[in-house]
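What you see is a predicted model; the values in this text were computed from it and never measured. Lettering follows sequence order; numbering is per chain, from 1.
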There are 2 protein chains.
Amino acid sequence: MRADAQKNRSQILTIARAVVAEQGADVSMRDIARRADVGLATLLRHFPTREALFEALLCTHLDALTQKAVELETSASADEALLIWFRELVLFTRSYRGVVAMMAAAHTNPDSALYASCAAVHESGARLLLRAQSEGTARADMNGDDLFALITALGWAVDQPSFVPRADHLVHLITSAILTNRSRYDVKKATI
Amino acid sequence: MRADAQKNRSQILTIARAVVAEQGADVSMRDIARRADVGLATLLRHFPTREALFEALLCTHLDALTQKAVELETSASADEALLIWFRELVLFTRSYRGVVAMMAAAHTNPDSALYASCAAVHESGARLLLRAQSEGTARADMNGDDLFALITALGWAVDQPSFVPRADHLVHLITSAILTNRSRYDVKKATI
DNA sequence: ACCTGAACACCGTTCAAGT
DNA sequence: ACCTGAACACCGTTCAAGT
């Protein structure tokens, strides 16, 4: 890659991160290009679709989350691991408004640039759930798809301004539905 | 209202209902106008915003839901009433793709044309929840806001194509988290 | 009163022209 | 190889001109 191309690319990513943080995931690509001082066509050349841009923006964060899941498999009890990881993922979705909707959509079609990352997250959750289920600390009548659906649904909810005040409690409600053999006090104790 | 205006209005509503049913709630207003054989400006004259149009589209259905809640207060036990109403509301959101997102957004600002209907639904749910809580059949540590958030979150989830196959089960997971002193079999028995 | 085409400022996509 | 302005087909909003 040429030097100026490299510079443009990193410039775009830096600015995009800031703009998305303040405006949400549905900012116009034109706005991002303007703020990054590049032509719109240049932005589209580096990231042909909005999802391609977000894949580049989020991949390190998402990779860290799947890595975290692997670590938790040995560093924490099955139920604690699931609980901690669940909360981290919801925290992640809260850091970028509108990103959950995109992930849920990307999760559907393999052509999306975000598909691989979403699949990895999905897989991580499924493994943590399976471990907790085999120990009897997570309810047996749900699977990885359900877990992913609940997490993204929760992520969507806390994206809505009117639900923000109850965000922590909503997480508690859902997690206490997933975990079994656990006093409510335990589940509630640690808030995000 | 003049005769031609009346005719246009009902024509728009009929067509809009069909178009939204097949394309989802984010169809362009232009498309609706085209399909209804009226000028775009005419559509905008009758319904100055997309939410105004949807308020007209959904109000009878939403009114029926709040009415249903009132009936259930006397015709069913507290937990059954909550369960039945919850399921009906989720069913409703499934009948119009993308409508939950709009309702959640409308729920935030009183200026929205959908605000009143959303508030009524919210209120209905809160009353059913309160009744179940006073009888000890719904968990005490949640309120009407939580219920509304859970319902819309679930509605959003089942709007995503990838989550549709698990829709019934997701409803079961959430409702069994809300209701207490209830065997899992009972909650699961009746599926949507 | 009510309808409507047209102008406007936006959007994402595409491409020929520049360096 | 890479950048970019411009043209394109879309969108929702607004309004002057028509009946």
Side-chain angles (χ1 to χ4, degrees), chain A residues 1-17 19-20 22-57 96-99 101-103 105-106 108-109 111-114, chain B residues 1-17 19-20 22-57 96-99 101-103 105-106 108-109 111-114:
Chain A
M1 188 174 326
R2 239 167 53 179
D4 54 345
Q6 183 64 262
K7 185 174 146 285
N8 272 339
R9 196 190 138 90
S10 65
Q11 167 82 353
I12 288 170
L13 283 177
T14 306
I15 298 293
R17 200 178 301 276
V19 176
V20 168
E22 70 183 41
Q23 308 239 36
D26 52 348
V27 215
S28 77
M29 298 291 269
R30 251 191 172 88
D31 268 348
I32 296 175
R34 267 193 288 260
R35 291 273 296 264
D37 263 320
V38 297
L40 171 60
T42 304
L43 169 57
L44 272 307
R45 163 174 249 277
H46 284 282
F47 307 102
T49 120
R50 165 180 261 99
E51 294 192 351
L53 173 61
F54 275 85
E55 200 277 331
L57 276 183
Y96 287 109
R97 242 180 318 147
V99 111
M102 227 169 49
M103 285 182 63
T108 304
N109 75 317
D111 296 336
S112 164
L114 269 172
Chain B
M1 187 171 335
R2 236 166 56 180
D4 54 344
Q6 183 63 262
K7 185 174 147 286
N8 272 339
R9 195 189 137 89
S10 66
Q11 167 83 354
I12 288 169
L13 283 176
T14 306
I15 297 293
R17 200 178 300 276
V19 176
V20 167
E22 70 184 42
Q23 308 239 36
D26 52 348
V27 215
S28 77
M29 298 291 270
R30 251 193 172 87
D31 268 349
I32 297 175
R34 268 193 288 260
R35 290 275 294 265
D37 264 318
V38 296
L40 172 58
T42 304
L43 169 57
L44 272 307
R45 162 174 249 280
H46 283 283
F47 308 102
T49 119
R50 166 179 261 101
E51 294 190 351
L53 173 61
F54 274 85
E55 200 278 331
L57 276 183
Y96 286 108
R97 244 181 315 146
V99 113
M102 227 169 50
M103 284 181 64
T108 304
N109 75 318
D111 296 335
S112 165
L114 269 172

Quiz item: When rounded to the nearest 0.5 angstrom, what is the spacing between CD1 in B:I12 and CG in B:L53?
Solution: 8.0 Å
Quiz item: What distance separates B:I15 CD1 from B:L43 CG, expressed to the nearest 0.5 Å?
Solution: 12.0 Å
Quiz item: For residues 34-43 of chain A, which residue pairs qualify under salt bridge (charged side-chain N to carboxylate O under 4.0 Å, His left out), counting only residues two or more places apart or in two chains?
Solution: A:E22-A:R35, A:D31-A:R34
Practice problem: Once you apply the 3.5 Å cut-off to both distances, tell me the Watson-Crick or G-U wobble partner of C:dC11, or none. | Solution: none
Quiz item: Taking the nucleotide of DNA chain C with the closest heavy atom to each, which residue, A:L40 or B:L40, is nearer the 5' end?
Solution: B:L40
Exercise. Work out which heavy atom in A:M102 is nearest to a heavy atom in A:L114; give both atom names and the distance.
Key: CE-CD1, 3.7 Å
Quiz prompt | Minimum-distance pair of heavy atoms, taken over all atoms of A:A52 and A:F47 | solution = O-CD2, 3.8 Å
Exercise. May I ask you to say what B:A41 touches in the nucleic acid, namely base, sugar-phosphate or nothing, with a heavy-atom cut-off under 4.0 Å?
Key: base
Exercise. Hey, which sits more toward the 5' end of DNA chain C by its nearest nucleotide, A:R34 or A:R2?
Key: A:R34
Quiz item: Tell me, which pairs form a side chain to side chain donor-acceptor pair (under 3.5 Å) where one or both residues lie in residues 1-12 of chain A, sequence neighbours left out?
Solution: A:R2-A:D4
Quiz item: Pick the nucleotide of DNA chain D nearest each of A:H46 and B:R50; which residue has the one closer to the 5' end?
Solution: A:H46
Exercise. Considering only heavy atoms of chain B and a distance under 4.0 Å, specify the first and last nucleotide of DNA chain D in 5' to 3' order that meet this criterion.
Key: D:dC11 to D:dC15
Exercise. May I ask which nucleotide in the shown strands pairs with D:dG18, Watson-Crick or G-U wobble, both distances under 3.5 Å?
Key: C:dC2
Exercise. Indicate, with a heavy-atom threshold strictly under 4.0 Å, whether B:S28 touches base, sugar-phosphate, or nothing.
Key: sugar-phosphate
